[in-house]
Amino acid sequence: MTGLRPPPLDRIPSTLSCLADYESLARERLDDGAWAHVAGAAADGLTAQRNREAFDRLTVRPRILRDVAGGATAVTLLGRRLAHPVLLAPIAYQRLFHPDGERATAMAAEAVDAVMVVSTLASETLEAIAQAGGAGQRWFQLYWQGDRAATLALCERAQAAGCEALVLTVDSPVTAFRNDLRRAGFRLPDGVSAANLPDGRMPPPGGAGRHPVFDGAMAAAPRWADVAWLCGAQPLPVLVKGVLHPDDAAEAVALGCAGVVVSNHGGRTLDGTPASIEALPAVAAGVAGRGAVLLDGGVRRGTDILKARALGADAVLIGRPATMALAAAGALGVAHAVKLLVEELAVAMALCGLASLDDAGPELLG
Ligand code: FNR
């Protein structure tokens, strides 16, 4: 593990009051490469910026003088009641950011009742993460492993390690243009690899001698038929992550998926897409109540969660903020970041006259 300069904090400074405050703490602790990896985005960063700007353009219109006694931030997701709608997004190679890597995130997730989505590119084994995460709820983010047999074997291992749902990420079958990573000279340090994959990495693409994109990486990417197969080949519910088009959302639930994640990968893959909050209403309409709708990309405030709920999301995931909190203060930081966000959500609900997130509809915006 390299990349950390001062060691992670072992207590949270009292001045740290919102997710953005973690940024400067993380910046101090990461070298230029690890920082570019977490903070950066594809190409010109237009999508990453838009994810935030689109949230900021929306306004919530409070209703006053309402009785919110007995209120709660709880939601129902995939048939389970959760204390709040904040999930920890799948983040690759967390040992880049903290020596305890995914184990720290799993501990934090258990402490604050957050579902942790474990990446296919986790730098700790699924079994070690399960042990650290105890009774916490974990899902597994799946990258297609080139063929069905290898993919199924990985899913079975995740299920055996206690993961309760699969999140199939489909928006990054080819490597994006990460100009910032090139400029920072980023490479994975020795000792950080994909601990659950053979040789510590994704299967090499085939198609030698032909076009490296169309016949190489894309030849190893899943298709709709594979999604349908995955839903039937194993017992866990499947969500497709990286959905921005309503027709794709409709196709996913028609093929048996339990839901979709509206996401542009935090602007880290294709630059120039709509913000995920902009894509949400149409995607939710495509799902039409037939599955869960989750959203990530730019969620930083309790009011962002309200905005997402108002436009049709059941729950949200946070990526960079949790990763920066991990870099700054390990499990303590991640738990604190989730707690801050959930506290902001409760205050925003109360100020909007909402006792339940089930009552956050489009009329909340205006
Ligand atoms: C990611 N993301 C990601 N997504 C995924 O499906 N599998 C993965 O392994 C990773 N790895 C990863 C690493 C790092 C450092 C970041 C910042 C992001 C994308 C992530 O799950 C999520 O979609 C975005 O991070 C959400 O946007 P915000 O919250 O970062 O704005």
Side-chain angles (χ1 to χ4, degrees), residues 3 19-20 22-23 26 30 33-42 45 47-56 86-98 101-102 105 115-124 139-144 154 158 165-173 175-176 178 180-181 184 186 188 192-197 201-202 222 239-244 260-270 273 275-277 279-280 294-301 304-305 308 313 315-327 334 337-338 341:
L19 296 194
Y22 270 108
E23 248 187 78
L30 298 174
W35 174 253
H37 187 54
V38 60
T47 292
Q49 196 181 342
R50 197 174 174 102
N51 278 344
R52 272 301 325 146
E53 289 171 354
F55 266 121
D56 291 344
V86 180
L87 286 78
L88 296 167
I91 300 291
Y93 307 119
Q94 295 189 15
R95 275 166 52 79
L96 273 175
F97 308 110
H98 190 279
E102 288 80 3
T105 303
V115 174
M116 173 187 183
V117 187
V118 179
S119 171
T120 284
L121 299 175
S123 52
E124 307 267 353
W139 296 0
F140 183 66
Q141 178 269 321
L142 177 65
Y143 279 130
W144 192 252
L154 186 58
L166 298 176
V167 178
L168 176 67
T169 300
V170 296
D171 60 6
S172 46
T175 307
R178 289 292 306 276
D180 48 3
L181 287 185
F186 175 78
L188 270 184
V192 180
S193 65
N196 300 290
L197 301 184
R201 58 190 180 100
M202 290 285 285
L239 295 98
V240 176
K241 176 172 182 275
V243 176
L244 293 175
V260 300
V261 183
V262 184
S263 174
N264 47 39
H265 217 106
R268 299 165 67 85
T269 56
L270 178 64
T273 73
S276 34
I277 192 72
L280 173 62
L294 285 80
L295 171 137
D296 73 20
V299 175
R300 303 292 180 265
R301 287 285 188 184
D304 295 336
I305 304 172
V316 301
L317 304 93
I318 53 169
R320 291 181 186 85
T323 315
M324 291 187 188
L326 175 69
V334 177
V338 174
L341 200 52

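As the structure lists them, so they are numbered: ligands from 1, and atoms in each ligand from 1. Starting from 1, each residue takes its place in the sequence as its number. Heavy atoms only: backbone and side chains are in, while hydrogens, waters and symmetry mates are out.
- The protein atom (non-hydrogen) at minimum distance from atom 31 (O) of ligand 1 is Arg300 NH2, 2.7 Å.
- Using a distance-only test at 3.5 Å, with no hydrogens or angles considered, a donor-acceptor pair links the side chain of Glu102 to the main chain of Ser123.
- Counting protein heavy atoms only, atom 9 (O) of ligand 1 is closest to Ser119 OG, 2.7 Å.
- Heavy-atom contacts of Asp296 reach the following atoms of ligand 1: 22 (C), 23 (O), 26 (C) (cutoff under 4.0 Å).
- Using a 4.0 Å cut-off between a side-chain N of Lys or Arg and a carboxylate O of Asp or Glu, Asp304 and Arg52 qualify as a salt bridge.
- For ligand 1, the polar-atom distance check against Gly298 finds a nitrogen or oxygen pair separated by under 3.5 Å.
- Using a 4.0 angstrom heavy-atom cutoff, Val38 counts as in contact with ligand 1.
- Between Tyr93 and His37, the ring-plane angle classifies as tilted under the 30° and 60° cut-offs.
- Among all non-hydrogen protein atoms, the one lying nearest atom 8 (C) of ligand 1 is Tyr143 OH, 3.5 Å.
- Scanning all protein heavy atoms for the shortest distance to atom 19 (C) of ligand 1 gives His265 CD2, 3.4 Å.
- Close N/O approach between Pro90 and ligand 1 is found [any backbone or side-chain N/O within under 3.5 Å].
- Residue Arg268 places no N or O, backbone or side chain, under 3.5 Å from any N or O of ligand 1.
- The main-chain N or O of Ala41 is found under 3.5 Å from a side-chain atom of Arg178 such that the two form a donor-acceptor pair.
- We find the CD-OG1 distance between Glu124 and Thr105 to be 9.5 Å, quoted to the nearest 0.5 Å.
- Between Ile318, Leu87, Thr169, it is Thr169 that holds the heavy atom closest to atom 6 (O) of ligand 1.
- Annotation: atom 4 (N) of ligand 1 to nearest protein heavy atom, Lys241 NZ, 3.0 Å.
- Each of Thr323, Leu326, Val38 was compared with Ile91 under the side chain to side chain contact (heavy atoms under 4.5 Å, CB included) criterion, and only Thr323 meets it.
- By the side-chain hydrogen bond (donor to acceptor under 3.5 Å, both in side chains) test, Gln141 pairs with Ser119, Thr169, sequence neighbours left out.
- With a heavy-atom cut-off of 4.0 Å, Tyr93 does not touch ligand 1 at all.
- Neither the backbone nor the side chain of Arg52 comes within contact range of ligand 1; no heavy atom lies under 4.0 Å.
- Here's the thing with Ala92: one of its N/O atoms is less than 3.5 angstrom from an N/O atom of ligand 1.
- Each of Asn51, Thr269, Thr47 was evaluated against Asn264; a single residue qualifies, Asn51, per the side-chain hydrogen bond (donor to acceptor under 3.5 Å, both in side chains) test.
- When each atom of ligand 1 is checked for a heavy atom of Arg320 under 4.0 Å away, the hits are 17 (C), 27 (O), 28 (P), 29 (O), 30 (O), 31 (O).
- The shortest N/O to N/O separation between His37 and ligand 1 does not fall below 3.5 Å.
- Given atom 29 (O) of ligand 1, the protein heavy atom at minimum distance is Gly319 N, 2.9 Å.
- Taking any N or O of Thr323, backbone or side chain, none lies under 3.5 Å from an N or O belonging to ligand 1.
- For the pair Ile91 and ligand 1, the shortest N or O to N or O distance does not fall below 3.5 Å.
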